[in-house]
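The structure under discussion appears below in the form of structure tokens.
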Amino acid sequence: MPPDRKHRKLLKIFLASPGDLQDERKIARRIVVEENTNHANVLGYHIELVGWEETVAQFRRAQEVINRDLDQCDFFVGLMWKRWGTPPGPVGHPYTSGFEEEYTRSVERHHRTGAPEIALLFKQVSADQLADQGPELKRVQSFKEKIKNEKTALFQEFGDLTEFDQRFRTIASFFLHQEYASDLLKINKADEPVALSYSEAQSLDQAPTDGIFDESVRVLVNNEILARPKIDELAPSAAARFRLLGHTIIRAGNDDSSLGVHDANLIFRDFRQRALSEREVRGLINAALEKLTSEIAPLWHWLSETRSSPSMELALRTLYGGDRVQANAFRALSLLGLCLKDLTHTLKREAFLSVWFSVDSPDQVKIAALSFLATSGSDDNLSAIEPSLDSAAANVAAAAVRAKAQILLKRSSADALRFISEWEDVDIGNALAEKLMRNPLAIPTDAPKLCLENKSRRLQQLVTEELQRRNALTQEDARQLCASDNADARLSGVLALRETTGALAFADARDTILRTRSSLLSPFFGLLAPPPDRAASDAFGIFKKEVLLEKSFDELLHLRNSAGPSDIEEILTFYEKFFQKKRDKIHCHLRNKFCDFFSENKKNDNGDSVITDDKKIASARKQLCEGMIQIVCRYGDLRELSLVRWAIDEKDIGYHAAMMNFLGRYGEWQDVRRIISVADSQKPSGLSLLSIVDTDREDAAAAQAILKIGADRIADVLCADPPSGIKKNLHSYDQEGFLRIR
């Protein structure tokens, strides 16, 4: 475990350089003093900078004395500029300079024991000096090229003293936090990671302190709480901070909880400019992580207040803190754009993975870790993911499949698809499916063919469409699709059969898509099936439209004139195919909401309407109005703007992406309120499952439309108070706009 402040652990950094970098060596010593005061001593360490200046004169080869100090150091920092240095021994000595001997000796010890950690800093050389290199500079440049090729040490360049200050300070801080993290995770003497269990990681202590609380807490209790004669005089933020202190001393056996959001925000409001104890800051980080997905607690501020780096704080939270804190720590790391390699600058990769995927690690943590590796992992992490593929928990196994697929995708879409084909019962989701097929030209035909039976509807749809574009679907492939439980796949199979066979009876196609009864295709995909669901009905509607669009004007006109309330597709297809020709008629129908349509087309010899079912007619009129306004939005232009506005204001038109896209192209600021109004009208009422409306696509289209209309008025957009679904998409689409008003 990390040492305490009273028994500080000594960390030795050996500073090696020839004699042309005296100013840099002085700055390095100043930085070490500052690091000790500001960070190391607080954490229970003391950094000592060792170099040839500290070597005590003895009657022996000087380099031998220096080497004895060198061999006791934990870290090695080498500085180089123009000079190579003098030989450390008589003629025939194996090394040409003291620096070369020190570096080589350190590298050999590192290979044997894992210590010291090695970093190198090269001062930039001017172009004139490079053009006329002396023998020493040539040796330095040759050594530099060797380091570049071997990649065995941290290697950076610096220009002036200010840049050196920054580089060396970063290295010293890196060494300190690596040692602290290694001690925290109980690294053994060989500096190899110990495989920690989840329960062991949960018990890791936080940063050491003198006692439970520091002086700032005693000031709070004495001045803000004990000094108040009445509870009414106690400030709300002081009460919140007092509750925070209680939460920070929770131990196993007590309730595993964190400070509430209201209290956390009170403390942020009144105490963010005042010194809080490290324990309190970490408690506030936990409270913010608990509510990370709600974005209602100031996580990033408190991360910046810790004595270690934000990335290290979050990395450690993935190892302990409770299921929700750990899972959200992964999400926060992803938001920072960090990958596992970034984290392993401070902790051993194996130590992370052993805790994340420990046998007793909760499924929630494993899934969060797999999601993190999916976006931030590499081929090196595949072996850690493999055991989770066979997890008894279906959600963990599915997350492992998605993680491995996304890592393979970085290498090759084809490799990822071939892997996915082995797990056809796992729904990989729409987003990953679209990523897999983002660059179809780079994928050989065999890879998408393997995924024709995948459970993911979106992936099955995308690979089918791509195979159709390549004319690579055989009749056998089409029949395989017709047997799918996915209505969209059955639709694709029917369309492919029409393409490959040249003919397919409409009734057979209908029965195949809807699965209503046995058909001519039944030998290939089974006999009786359950009644059609909504997805099957929608798929059949698409097929029917495809067939109708192949018909001529006269054929469609005849179908329109003979259409009844159940023949919505025939009517809409006629107007869609001949939109420009029938534009005025479309406007007329919409303005009177199709009130006269059935009566004028369906009259007997006496001029009376033959359709008398008012409920069917009312339902048909509503469907026609909604379908027609979508056609107008897809094929119309600025001339239709007043019509679309009228339709929205009438409150009879549903919330649809086509309408949002149209307003995004042609709308004005007044239409932002219309978009919000129609979105609000689609909110479900009550708690019935039947009232739940999935409006993700519409919300995304609405947000894009609002941004196109009011790109320079983000503050006004927020004042208009769009629904939460739209607001979420607004932020993701225009983060820069939101940053401008913060």
Side-chain angles (χ1 to χ4, degrees), residues 1-3 7-17 28 32 35 40 43-52 54-55 60-80 88-89 93-95 97-121 143 146-147 149-156 168 170-196 200 204 312 315 340-341 343-355 380:
M1 299 304 295
H7 304 89
R8 294 189 178 100
K9 179 178 179 180
L10 184 62
L11 302 179
K12 291 188 175 184
I13 300 177
F14 188 89
L15 187 62
S17 75
V32 166
E35 281 294 310
L43 294 175
Y45 297 87
H46 181 79
I47 303 172
E48 180 181 324
L49 194 65
V50 180
W52 46 260
E54 286 73 31
T55 302
R60 63 180 67 189
R61 184 171 72 95
Q63 191 62 47
E64 290 182 4
V65 180
I66 294 174
N67 289 346
R68 189 172 61 187
D69 289 338
L70 170 66
D71 292 343
Q72 298 175 18
C73 289
D74 307 286
F75 308 102
F76 176 96
V77 179
L79 309 180
M80 297 294 287
H93 193 274
Y95 300 108
S97 74
F99 176 87
E100 182 185 25
E101 181 172 353
E102 291 158 4
Y103 174 75
T104 304
R105 191 179 186 94
S106 296
V107 169
E108 290 174 350
R109 182 160 70 95
H110 178 82
H111 289 325
R112 291 195 313 270
T113 67
E117 292 288 350
I118 299 172
L120 296 171
L121 291 172
F143 175 70
K146 178 183 176 184
I147 296 301
N149 296 331
E150 291 179 350
K151 300 178 180 178
T152 56
L154 289 171
F155 161 47
Q156 292 179 304
F168 188 83
T170 300
I171 290 172
S173 177
F174 166 76
F175 286 157
L176 171 64
H177 286 109
Q178 176 169 288
E179 189 70 16
Y180 173 68
S182 297
D183 286 339
L184 195 63
L185 287 175
K186 304 178 181 178
I187 303 303
N188 63 14
K189 293 181 181 180
D191 201 23
E192 292 296 325
V194 175
L196 299 179
E200 289 172 326
L204 293 176
M312 181 178 175
L340 185 55
K341 288 183 179 179
L343 306 186
T344 53
H345 282 309
T346 54
L347 297 174
K348 298 292 183 179
R349 182 186 70 177
E350 293 83 357
F352 275 116
L353 297 174
S354 68
V355 174
D380 295 340

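Distance check, rounded to the nearest 0.5 Å: NZ of K9 to CG of D74 gives 7.0 Å. One distance of note links CD of E48 with CG of D69; it measures 8.5 Å at 0.5 Å rounding.
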Candidate pair F14 and I66, rule side chain to side chain contact (heavy atoms under 4.5 Å, CB included), full reasoning = CA-CA 10 Å; F14 188 89; I66 294 174; 3.6 Å; yes
Would you check, one step at a time, whether the test side chain to side chain contact (heavy atoms under 4.5 Å, CB included) holds for Y95 with T104?
-> CA-CA 9 Å; Y95 300 108; T104 304; 3.7 Å; yes
Taking it one step at a time, do I171 and L121 satisfy side chain to side chain contact (heavy atoms under 4.5 Å, CB included)?
-> CA-CA 10 Å; I171 290 172; L121 291 172; 3.9 Å; yes
Show your working on side chain to side chain contact (heavy atoms under 4.5 Å, CB included) between F168 and V32 and close with a plain yes or no.
-> CA-CA 9 Å; F168 188 83; V32 166; 4.1 Å; yes
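With F76 as reference, E102 is the one residue of H110, K12, E102, R109 to meet the side-chain contact (heavy atoms from CB on, under 4.5 Å) rule.
With a 4.5 Å cut-off on side-chain heavy atoms, N67 and E101 count as touching.
Scanning both residues, I13 and V77, for their nearest heavy atoms gives CG2-CG2, 3.7 Å. A pairwise comparison of heavy atoms in S106 and L70 identifies OG-CD1, 3.4 Å as the closest pair. The nearest pair of heavy atoms linking P116 to C73 is CB-O, 3.9 Å.
In this pair, Y103 and F143 present their aromatic rings perpendicular. The plane angle is above 60°, beyond the 30 to 60° band.
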